Protein chains: 2
Amino acid sequence: MDPVTIKDIAHALNLSTSTVSRALRDSYEISPETKRLVMEYAERLNYRPNPIALSLKGNSSKALAVIVPQIANNFFSQAINGIEAIAYNRGYHVIIFQTHESYEREVANVQQAMARRVDGLLLSLSSETADVAHLKSVISQNMPLVLFDRVSAELPVTQVVADNFGGAYAATSHLLQTGRRRIAHLTIPPYLSIAQERLAGYRAALEQYGVPYDESLVRYGTFGPDEAGTLVDELLALSPPPDAFFTASDRLALGCLAALRQRNIDVPGQVALLSFTNSQSAHLLNPPLSTVTQPAQEIGQLAAERLIEQIERKSKSTGPSTMKLPTTLVVRESSQPLPKLVI
Amino acid sequence: MDPVTIKDIAHALNLSTSTVSRALRDSYEISPETKRLVMEYAERLNYRPNPIALSLKGNSSKALAVIVPQIANNFFSQAINGIEAIAYNRGYHVIIFQTHESYEREVANVQQAMARRVDGLLLSLSSETADVAHLKSVISQNMPLVLFDRVSAELPVTQVVADNFGGAYAATSHLLQTGRRRIAHLTIPPYLSIAQERLAGYRAALEQYGVPYDESLVRYGTFGPDEAGTLVDELLALSPPPDAFFTASDRLALGCLAALRQRNIDVPGQVALLSFTNSQSAHLLNPPLSTVTQPAQEIGQLAAERLIEQIERKSKSTGPSTMKLPTTLVVRESSQPLPKLVI
DNA sequence: TTGTAGGCGTTATCAG
DNA sequence: CTGATAACGCCTACAA
């Protein structure tokens with residue numbers, strides 16, 4: 001019960017493989033009669049061209065590689081959702097790789113994807129990645145590449161990100177407007193572009209409000225298990241302690257909230273909490289979590305669209321560009337104005 | 001800067017392609033000297049065999065298809081995480097397809113995967129899928145297939161699921177033990193194996209406690225947006241209204257909680273809420289959500305392992321079997337005993 | 001020990 | 001209009 005090939009059809013119909021091939025592609029040089037014959041027979045046998053043979057021939061595999069740190073993460077799973085939707089519509093398949101935040105794994109995955117002869121690469125950097133030589137090599141081999149979310153300014157490629165600066169600025173401003181002055185920033189490893197941009201937005205807002213930047217209020221997580229507890233403790237030990245937390249991810253937000261609750265810190269009475277997050281249940285938490293939301297699915301879609309464009313018209317007409325999608329600040333109870341102002 | 005091929009190496013070294021091929025595979029019939037030469041040169045040029053050519057030749061693509069209803073779903077993204085981990089270790093790649101709960105899309109995806117000549121299929125049925133002819137055809141073509149989570153008894157293949165009956169039984173028993181008697185069951189479409197098993201567990205527990213089964217307390221969602229609100233309203237309109245909700249998914253649990261809260265229903269005072277869920281923040285909700293958790297990642301891992309076994313020793317030594325992984329009931333505040341017993 | 005030839009499924013080129 | 005042939009990259013009889 002092996003798959004039907006053109007050869008099978010040719011044999012059965014006493015035609016040559018080239019005639020059958022042309023008939024199937026509805027070539028103008030084939031007689032209507034023969035076309036009909038071939039088409040019908042192919043239909044009956046449920047003929048499907050072998051995409052592997054096509055790839056080998058045409059140098060196009062109709063497959064995209066998606067390389068992300070973690071699939072089991074609200075942001076990335078939503079982004080992949082967007083990518084898959086676009087890819088499917090354009091006839092591409094999506095091959096998934098996880099780096100598990102490891103640089104080595106990222107390099108290995110990129111090589112594997114190249115070896116697979118994918119038509120293009122969508123990538124979000126691991127938190128360990130400081131050196132992007134492996135991606136420069138990808139570019140020098142003319143492999144279409146689009147970065148999303150965690151990008152690198154060193155790479156002259158199209159990049160799709162959320163407006164992290166704007167989101168962090170809005171978040172911090174909101175906290176300042178509601179009377180907070182000692183705003184801790186709990187964030188992800190500093191190599192990451194998004195960490196830098198969020199930090200910049202945070203600092204810009206502080207400056208705008210004349211609040212001096214205090215380095216000791218900024219802490220970097222490392223994706224370790226239960227790290228939020230430690231960081232929260234360190235911050236609470238400061239004097240004066242923070243009156244607000246601005247966290248940079250789902251994980252940190254939930255970890256931070258759990259830690260605060262466990263230590264019987266009143267949120268938002270003692271400290272407010274506001275986070276970058278794509279968690280579906282932010283509004284159901286106690287207290288509801290104010291958030292800056294990234295349009296994860298749209299980022300995935302846009303990145304996939306740009307990649308496919310790049311693949312299909314290999315003309316370098318449009319150079320690399322960075323596309324920023326707006327984030328959404330949603331204020332929920334947890335960051336409402338302080339009853340009595342601190343300072 | 002095209003990828004290096006065996007031919008390139010052969011040319012450069014004045015050897016034939018077959019010699020190079022054999023040298024690279026470390027064949028015994030090649031002189032150590034030649035081997036060294038070839039190996040070193042290949043190394044320098046960073047030669048990588050073209051997997052597409054290998055596939056075309058060998059009939060093995062080293063790729064697995066994973067077909068799920070939705071990637072952006074805690075359960076599935078965790079399961080895929082497990083799948084990818086195993087696949088990566090065994091040298092397989094993972095190609096992702098989403099059915100978006102559509103039967104047609106599922107059929108199309110299965111065909112695409114077959115056309116891609118993947119080595120095996122991991123699938124979780126869409127909620128619309130009543131007819132599994134497309135999968136019988138997969139089996140009849142000798143394509144390795146493993147179902148997980150949403151399975152079908154009609155198919156003689158290996159299936160990996162959580163103990164849905166046991167989980168539902170434990171959940172319902174817990175609610176009964178804490179004094180609830182009118183337990184509503186808000187669940188997913190009835191075609192799904194997991195819906196049936198959960199319903200069976202629910203009924204078994206009721207029977208065990210001598211509480212008559214009331215069909216009007218069971219409602220089926222359809223993955224529509226904001227459907228929980230309607231269902232909750234219908235249930236609350238019953239007389240007597242339910243004193244507990246047992247929901248079958250993340251989505252339903254969060255939707256239900258939001259609806260209850262919006263209607264100012266005290267949870268767990270008026271109604272308790274307990275759910276099948278893989279949400280990472282169940283313990284942070286207000287009130288903390290008691291849950292039955294499926295070992296999503298382990299299900300993915302086990303399914304991938306079984307599939308790869310099946311692929312690699314094509315011997316049909318081990319027939320199809322159904323593997324049930326235990327679920328975990330975690331009781332949190334929301335289903336604590338009722339202060340005053342309802343009856 | 002190495003080389004030659006054929007084939008995996010398809011398409012493109014060139015002849016009839 | 002249709003057919004033979006070569007090629008994509010690799011492997012494997014079979015020859016030498």
Side-chain angles (χ1 to χ4, degrees), chain A residues 1-39 41-42 45-63 91 112 114-119 141-142, chain B residues 1-39 41-42 45-63 91 111-112 114-119 141:
Chain A
M1 210 18 124
D2 279 344
V4 187
T5 73
I6 280 194
K7 208 187 248 177
D8 298 332
I9 301 181
H11 247 95
L13 264 45
N14 248 317
L15 289 170
S16 74
T17 57
S18 28
T19 304
V20 173
S21 172
R22 278 182 284 229
L24 288 170
R25 329 207 91 239
D26 203 18
S27 161
Y28 66 99
E29 18 177 19
I30 300 292
S31 77
E33 185 52 19
T34 311
K35 270 186 197 169
R36 204 185 42 73
L37 223 68
V38 172
M39 298 284 210
Y41 192 74
L45 265 63
N46 195 26
Y47 166 79
R48 294 275 174 272
N50 181 336
I52 293 178
L54 287 179
S55 303
L56 185 57
K57 181 117 251 293
N59 240 3
S60 148
S61 60
K62 286 286 180 182
Q112 297 240 18
M114 299 286 287
R116 275 260 155 193
R117 306 298 197 270
V118 294
D119 292 341
Q141 288 172 63
N142 262 323
Chain B
M1 210 14 128
D2 278 345
V4 187
T5 73
I6 279 194
K7 206 187 250 176
D8 298 332
I9 301 180
H11 247 94
L13 265 45
N14 249 317
L15 289 171
S16 76
T17 58
S18 36
T19 304
V20 174
S21 171
R22 279 184 281 234
L24 288 170
R25 330 206 90 239
D26 203 19
S27 160
Y28 66 99
E29 19 179 19
I30 300 293
S31 77
E33 184 52 17
T34 312
K35 270 186 197 169
R36 202 184 45 72
L37 223 66
V38 172
M39 297 286 212
Y41 191 75
L45 265 62
N46 196 28
Y47 166 79
R48 294 276 175 272
N50 181 335
I52 294 179
L54 287 179
S55 303
L56 187 56
K57 178 120 253 296
N59 241 1
S60 149
S61 60
K62 286 286 180 185
Q111 287 188 343
Q112 296 240 19
M114 299 286 288
R116 276 261 155 191
R117 307 297 198 270
V118 295
D119 291 343
Q141 287 172 63

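Just so we're on the same page: letters track the sequence lines, and every chain starts at 1. Worth knowing before you read on, the calculation uses all heavy atoms, side chains too, and leaves out hydrogens, waters and symmetry mates. Being a predicted model, the structure only gives us computed values, none of them experimental.
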Is [X] near enough to [N] that one of its side-chain N or O atoms lies under 4.0 angstrom from OP1 or OP2?
{"X": "A:K7", "N": "C:dC8", "answer": "yes"}
{"X": "A:S21", "N": "C:dT11", "answer": "yes"}
{"X": "B:S18", "N": "D:dT12", "answer": "no"}
{"X": "A:Y47", "N": "C:dT10", "answer": "yes"}
{"X": "B:T17", "N": "D:dC11", "answer": "no"}
{"X": "B:S16", "N": "C:dT4", "answer": "no"}

Charged N to carboxylate O below 4.0 Å: is that the case for A:D26 and A:K35?
yes
Residue whose nearest DNA chain D nucleotide is more 5′ - A:N14 or B:V4:
A:N14
Looking only at the side chain of [X] (C-beta and beyond, no hydrogens), which of the listed nucleotides [options] gets closest?
{"X": "B:N50", "options": "D:dC10, C:dT10, C:dT13", "answer": "D:dC10"}
{"X": "B:R25", "options": "D:dC11, D:dT2, C:dT10", "answer": "D:dC11"}
{"X": "A:A53", "options": "C:dG9, C:dT4, D:dC11", "answer": "C:dG9"}

Assess whether one donor atom and one acceptor atom, taken from the side chain of A:R48 and the base of C:dG9, lie less than 3.5 Å apart.
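Check fails, no donor-acceptor contact within cut-off.
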Taking atom types as they are modelled, would you say the side chain of A:R117 forms a donor-acceptor pair with the base of D:dG9 within the 3.5 Å cutoff?
no
